[in-house]
Amino acid sequence: QRTYRADSASSQPKQAVYDCYKEEARRQGWSPMPETSFAKFLYQQFPEARSSRIGPLKHQVPHFSGVARIPQDRDSP
């Protein structure tokens with residue numbers, strides 16, 4: 001099941017993307033890769049994705065730019 005797609009106009013917090021990956025890995029019975037290796041994996045899947053920081057100075061949050069979450073049925077109220 002795909003959870004994210006390439007989208008040059010979107011960005012997602014890195015921690016949220018990794019947490020989603022860990023949850024899906026556990027649901028599938030896989031051992032999740034370490035967070036330090038995850039960005040390399042994501043860049044292989046989404047070659048146009050880039051790392052960025054969004055927010056005011058000293059409160060910036062690391063993001064993956066160029067990646068958008070695909071709404072899932074479980075995301076609906």
Query raised in the report: Is it the case that one hydrophobic cluster holds both F41 and W30, taking links as side-chain heavy atoms less than 4.5 Å apart, direct or via other members?
Result: no
Query raised in the report: Is there a chain of hydrophobic side chains (I, L, V, M, F, W, Y, each step under 4.5 Å between heavy atoms) that links I70 to V67?
Result: no
Report task. Working to the nearest 0.5 Å, report the span between CD1 of I54 and CD of Q60. Result -> 9.5 Å
Query raised in the report: S65 and side-chain hydrogen bond (donor to acceptor under 3.5 Å, both in side chains): which partner among S10, S8, S52?
Result: S52
Heavy-atom pair of closest approach, residues [X] and [Y]:
X	Y	value
R69	C20	NH1-SG, 3.2 Å
S11	H63	OG-CD2, 3.6 Å
Q12	A68	NE2-CA, 4.0 Å

Report task. Sequence neighbours left out, what pairs pass salt bridge (charged side-chain N to carboxylate O under 4.0 Å, His left out) with at least one residue falling in residues 42-58? Result -> none
Report task. With sequence neighbours excluded, give me every side chain to side chain donor-acceptor pair (under 3.5 Å) pair touching residues 13-22. Result -> K14-S51, Q15-D19
**Report entry** Residues that R5 engages under salt bridge (charged side-chain N to carboxylate O under 4.0 Å, His left out), provided they are two or more places apart
**Finding:** D7
Query raised in the report: Would you call V17 and F38 a side-chain contact if the rule is heavy atoms closer than 4.5 Å?
Result: yes
**Report entry** Check: F64 and Y4 side chains under 4.5 Å, non-hydrogen atoms
**Finding:** no
